[in-house]
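Structure, as structure tokens:
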Amino acid sequence: MTSLEKIIRRIDSYRDAMINMQVKLCALPAIAPSNGGQGEVKKAAFLLSFLQENGFSDIQTIKAPDMDSPDGYRPSILAHFPGKNSVKTIWVMTHMDVVPPGELAQWRGDPYKAWIEGGKIYGRGVEDNQQDMVASLFAIKAFREEGIKPNYRLAVALVSDEETGNIKGIDYVLKTTEAFSPRDMIIVPDAGNEKGTLIEVAEKSILWLKFKTVGRQAHGSTPNKGINSFKAAGFLTVELDRLYKKFPLRDRLFEPPVSTFEPTKKEANVPNINTIPGEDVFYMDCRLLPQYAIPAVEKEVHRAVRKIEARFGVSIEMEVKQAAAAAPPTSARAPVVMALKRAIKEVYDESGRPRGIGGGTVAAFFRHAGFPAAVWSKVDETAHQPNEYCHIDNMLGDAKVFAHVFLQE
Ligand SMILES: [Zn+2]
């Protein structure tokens with residue numbers, strides 16, 4: 001029997017224990033204070049005892065100060081498992097916090113009393129992010145109980161504050177410790193697809209804009225006496241559509257493979273049909289390929305604004321609501337990506353595909369800090385929904401994928 005076969009058999013024997021752990025974690029809802037919760041301290045204490053009882057070493061709790069939480073801090077835990085060689089560490093990072101359940105009437109059961117139905121565990125947090133937290137912990141436990149030493153050091157990072165910005169979670173850990181090295185392999189199993197084929201390695205920059213167009217209100221029958229702000233704004237959206245032509249690069253890593261520039265939210269203007277609106281507000285959501293810089297786009301937007309102002313005699317105020325530059329992508333050929341692809345093939349018989357997404361994953365914090373990280377998991381994407389669930393087979397399968405990565409040369 002190979003080491004992998006032994007580990008896989010051992011992981012299969014953990015099925016009930018893993019379900020049990022899910023149920024216990026679910027009963028410790030770690031909701032951020034800004035979402036009306038108590039934070040992660042109780043959940044962290046439970047996890048800490050698991051780590052201590054299961055052979056993890058160099059266990060460290062990093063406390064990010066947070067005066068809004070009843071304990072005054074938000075804990076993040078780093079814990080290791082020794083390998084033959086300490087030149088690099090293979091990390092799995094998951095987050096302890098969960099989002100609130102939302103409307104309880106939409107749940108078929110108590111979101112904090114996880115229940116099993118047809119091969120799935122239901123409850124808040126069971127997919128996001130407990131499925132892979134439990135998977136990574138039991139994958140490492142299997143090494144210990146089989147007495148198999150991985151080639152490199154293994155580690156888990158169990159962090160706080162993922163759902164509300166990461167500042168009191170991984171961002172704080174990265175800023176206050178030297179736990180990570182550019183040689184490390186970092187897996188963040190916090191997104192994925194149903195088949196387990198999506199390996200997220202890159203993201204687009206985000207630029208959100210607000211446009212307030214001011215003209216002059218008038219009676220609907222005498223538009224000549226006013227300046228129709230809505231009409232000017234409409235022409236502005238058409239002008240802004242040219243951004244697609246001005247920033248035409250395609251990158252097949254991404255879906256869609258282009259930068260996108262879309263008018264989205266529209267605020268109400270006048271309440272009645274027979275008034276020419278004097279003021280109009282709309283918003284735009286731009287997602288830029290990392291090859292483009294945000295200021296270059298802003299410059300073109302300003303040009304469009306000036307053109308419409310001159311043509312219609314309106315004044316247009318543009319406000320940047322959010323501008324987040326994409327982190328440098330993790331290479332599609334980075335060791336962590338290649339290792340995941342091999343493991344996904346072996347465990348799930350699927351071909352993992354490195355892809356870029358529209359923006360905003362926690363892995364960006366690692367990438368900004370110079371550490372290659374890959375986001376991967378096999379999930380139905382029920383995160384944040386009522387009746388969130390985790391396929392028990394995915395929890396075990398993902399544990400085997402991690403174990404496969406841990407065993408690679
Ligand atoms: Zn998550």
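Note: hydrogens, waters and symmetry copies are ignored here, and every other heavy atom, side chains too, is used. Atoms within a ligand are numbered from 1 in the order they appear, just like the ligands themselves.
More than 12 non-hydrogen atoms from other residues, nucleotides or ligands lie less than 6.0 angstrom from CZ of R108.
Evaluation of the side-chain contact (heavy atoms from CB on, under 4.5 Å) rule for E5 yields M1, T2 as partners, not counting sequence neighbours.
A perpendicular orientation is assigned to the rings of H80 and W91, their planes being inclined by more than 60° (bins at 30° and 60°). Below 30°, between 30° and 60°, or above 60°: for W107 and W115 the angle between ring planes is above 60°, a perpendicular geometry.
A side-chain donor-acceptor contact under 3.5 Å links R124 to the backbone of V99.
A salt bridge is absent between K6 and E146: the closest approach of a Lys/Arg side-chain nitrogen to an acidic carboxylate oxygen does not fall below 4.0 angstrom.
Each protein N, O or S atom less than 2.8 Å from the Zn ion (ligand 1) was counted, giving 4.
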